[in-house]
Peer 1: 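Structure provided below as structure tokens; questions to follow.
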2 protein chains.
Amino acid sequence: MNDGGKGAEPAARSKRADARRNEETLLDAAASVFVASGVEAPVRDIAAKAGVGVGTIYRHFPTRADLIIAVYRHQVEACAEAGPALLESSETPYAALTQWIDLFVDFLVTKHGLAAVLQSDNSGFDTLHSYFIDRLQPVGTQLLEAAAAAGEIRPGLEAYELMRGVGNLCIGADHDPRYDARRLVALLIAGLRQPR
Amino acid sequence: MNDGGKGAEPAARSKRADARRNEETLLDAAASVFVASGVEAPVRDIAAKAGVGVGTIYRHFPTRADLIIAVYRHQVEACAEAGPALLESSETPYAALTQWIDLFVDFLVTKHGLAAVLQSDNSGFDTLHSYFIDRLQPVGTQLLEAAAAAGEIRPGLEAYELMRGVGNLCIGADHDPRYDARRLVALLIAGLRQPR
DNA sequence: AAAGATACGGAACGTCGTTCCGCTTGGCAA
DNA sequence: TTGCCAAGCGGAACGACGTTCCGTATCTTT
């Protein structure tokens with residue numbers, strides 16, 4: 001119950017100094033490549049940008065998905081923590097829910113291809129999917145239940161389903177000006193309202 | 001303005017008999033492999049199932065996407081034609097719209113991975129995307145405009161956006177019992193209703 | 001300074017979609 | 001019927017991908 005360190009935090013103590021440095025470099029390089037070419041950018045591109053060999057990437061991140069998780073961990077964390085905060089600061093649970101979803105959508109839409117890879121059934125990316133679900137679903141459940149308890153939305157929708165739906169709607173939202181994920185997500189949430 | 005034949009219909013006249021036979025075999029094999037392993041099944045699997053070499057596939061279908069189009073062309077056609085029919089047979093345009101969307105969703109959800117590949121930004125699949133849009137968007141527009149004219153839905157949503165949204169919601173709807181695309185699509189359409 | 005552990009680079013592997021090319025075969029003219 | 005040749009075929013080969021492997025280089029400890 002001490003360090004844990006089951007994954008992608010920058011660096012647990014007791015690694016070689018150069019290794020720690022490389023991990024940092026790698027995260028920066030990955031982040032910048034993701035911005036430039038999307039999350040689906042080839043591993044070799046990231047290695048090149050960081051000036052290391054591909055083997056080095058895999059030493060630090062067992063799979064591409066783990067690298068992606070590591071890059072976005074802080075933002076996912078922030079999104080998760082924003083949930084309860086919104087619930088306190090908002091007029092009604094429904095307002096908190098919509099704002100939280102907006103946050104989530106903003107996050108997804110600004111990361112090229114992240115939403116797509118999130119739902120990809122390609123083996124390997126299920127750990128990415130799981131990470132997002134594990135971290136965000138409880139928050140979604142809390143908001144949904146609060147809004148349902150307040151009678152603002154029709155009950156019976158699982159947070160899992162909502163989050164996947166929202167995630168799906170964000171796919172391809174970049175590189176297509178004719179498609180505005182935000183508008184559709186807004187419709188979806190509007191459909192949740194209690195017809196009262 | 002005579003035959004046209006720009007593509008994937010079973011066989012234009014004046015091809016060798018064995019070629020025509022192979023094309024048929026290929027379509028059957030592809031259809032059955034798609035059912036068994038999804039649309040993303042490797043080309044080699046389809047070739048094997050059909051008992052031909054991969055070269056033969058590419059002689060008949062310039063790209064994987066064209067093969068997929070050819071396999072599903074009839075069903076897409078049927079869906080497109082169902083639009084105006086529903087508009088006539090239904091009580092209201094909104095009812096026609098929801099039923100048509102149901103048809104579309106049923107189609108997508110029962111074809112493993114088709115929805116995913118439809119939105120994939122992998123090069124080559126844009127022709128698949130285009131085909132669906134070209135064929136179905138006008139129908140969607142007609143239904144949307146009818147419903148809007150009847151004052152049943154809030155106006156201002158483009159058919160393109162709706163269809164992409166619905167398509168996106170169908171991604172991964174198979175192989176995940178916790179995710180029911182139909183429910184979410186229903187919410188989306190419910191959100192379209194005029195708040196009146 | 002030497003040894004051992006740790007990390008590195010990048011060649012190599014298996015899979016994918018797609019292309020290429022030497023061989024086979026169906027259809028036609030003689 | 002025979003022979004010719006365009007049309008068609010099979011599958012090796014290519015380039016890109018994610019991932020693995022291992023000989024070498026570097027850090028750290030004594």
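Throughout, a chain's letter reflects where its sequence line sits, starting with A, and its residues are numbered from 1.
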Peer 1: What integer distance in Å separates A:Glu40:CD from D:dC17:P?
Peer 2: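 My rounded result for the distance is 12 Å.
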
Peer 1: Going by the angle between their ring planes, with limits at 30° and 60°, are A:Phe132 and A:Phe104 parallel, tilted or perpendicular?
Peer 2: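 It falls in the tilted class, 30° to 60°.
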
Peer 1: Quick check: on DNA chain C, is the nucleotide nearest B:Val43 upstream (toward 5') of the one nearest B:Arg21, or the reverse? Name the residue that is more 5'.
Peer 2: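 By nearest-heavy-atom nucleotide position, the 5'-most residue is B:Val43.
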
Peer 1: Show me, pair by pair, the donor-acceptor contacts under 3.5 angstrom made by side chains of residues 84-97 of chain A, not counting sequence neighbours?
Peer 2:
| residue | atom | partner | partner atom | Å |
| --- | --- | --- | --- | --- |
| A:Ser89 | OG | A:Ala85 | O | 3.3 |
| A:Ser90 | OG | A:Leu86 | O | 2.8 |
| A:Ser90 | OG | A:Gln99 | NE2 | 3.3 |
| A:Thr92 | OG1 | A:Tyr94 | N | 3.3 |
| A:Thr92 | OG1 | A:Ala95 | N | 3.1 |
| A:Thr92 | OG1 | A:Glu152 | OE2 | 2.8 |
| A:Tyr94 | OH | A:Ile189 | O | 3.3 |

Peer 1: To the nearest Å, how far apart are B:Arg64 CZ and C:dT15 P?
Peer 2: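 B:Arg64 atom CZ is separated from C:dT15 atom P by 17 Å.
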
Peer 1: Return the value, rounded to whole Å, for the distance between atom CG of A:Asp66 and atom P of D:dT19.
Peer 2: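 Computing the A:Asp66:CG to D:dT19:P distance gives 9 Å.
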
Peer 1: Using whole Å, what does the distance between atom P of nucleotide C:dG17 and atom CZ of B:Phe61 come to?
Peer 2: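 Result: 15 Å.
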
Peer 1: Rounding to an integer number of Å, can you tell me how far B:Asn122 CG sits from C:dT15 C1'?
Peer 2: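 Taking CG of B:Asn122 and C1' of C:dT15, I get 15 Å after rounding.
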
Peer 1: Under 4.0 Å, counting only non-hydrogen atoms across every strand here, what does A:Ala47 touch: a base, just sugar-phosphate, or nothing?
Peer 2: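 Here A:Ala47 touches no strand at all.
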
Peer 1: Would you say A:Arg164's side chain and B:Asp180's backbone share a donor-acceptor pair under 3.5 angstrom?
Peer 2: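 Looks like no, no N/O pair under 3.5 Å.
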
Peer 1: Taking A:Arg64's backbone N and O only, do any of them form a donor-acceptor pair with A:Asp66's side chain (distance below 3.5 Å, no angle check)?
Peer 2: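 Flag not set: sc A:Asp66 to bb A:Arg64 has no pair under 3.5 Å.
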
Peer 1: Using the rule that two of Ile, Leu, Val, Met, Phe, Trp, Tyr join whenever any of their side-chain heavy atoms come within less than 4.5 Å, decide whether A:Ile171 and A:Val109 are in one cluster.
Peer 2: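 A:Ile171 does not cluster with A:Val109.
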
Peer 1: With a 4.0 Å cut-off on heavy atoms, is A:Ala50 in touch with a base, just the backbone sugar-phosphate, or nothing at all?
Peer 2: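 Here A:Ala50 touches no strand at all.
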
Peer 1: Could you check how far OH of B:Tyr58 sits from P of D:dG8, rounded to whole Å?
Peer 2: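 These atoms are roughly 19 Å apart.
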
Peer 1: On the nucleotide C:dT18, are OP1 or OP2 found under 4.0 Å from the side-chain N or O atoms that B:Thr63 carries?
Peer 2: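 The answer is yes; a side-chain N or O of B:Thr63 sits under 4.0 Å from OP1 or OP2.
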
Peer 1: Please state whether the rings of A:Tyr160 and A:His129 are parallel, tilted or perpendicular, taking 30° and 60° as the class boundaries.
Peer 2: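 A:Tyr160 vs A:His129 ring planes: tilted.
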
Peer 1: What is the per-nucleotide protein-contact pattern of nucleotides 6-12 of chain C, from the 5' end, where B denotes a base atom under 4.0 Å from a protein heavy atom, S denotes such proximity for sugar-phosphate atoms only, and - denotes neither?
Peer 2: BSBBBBB

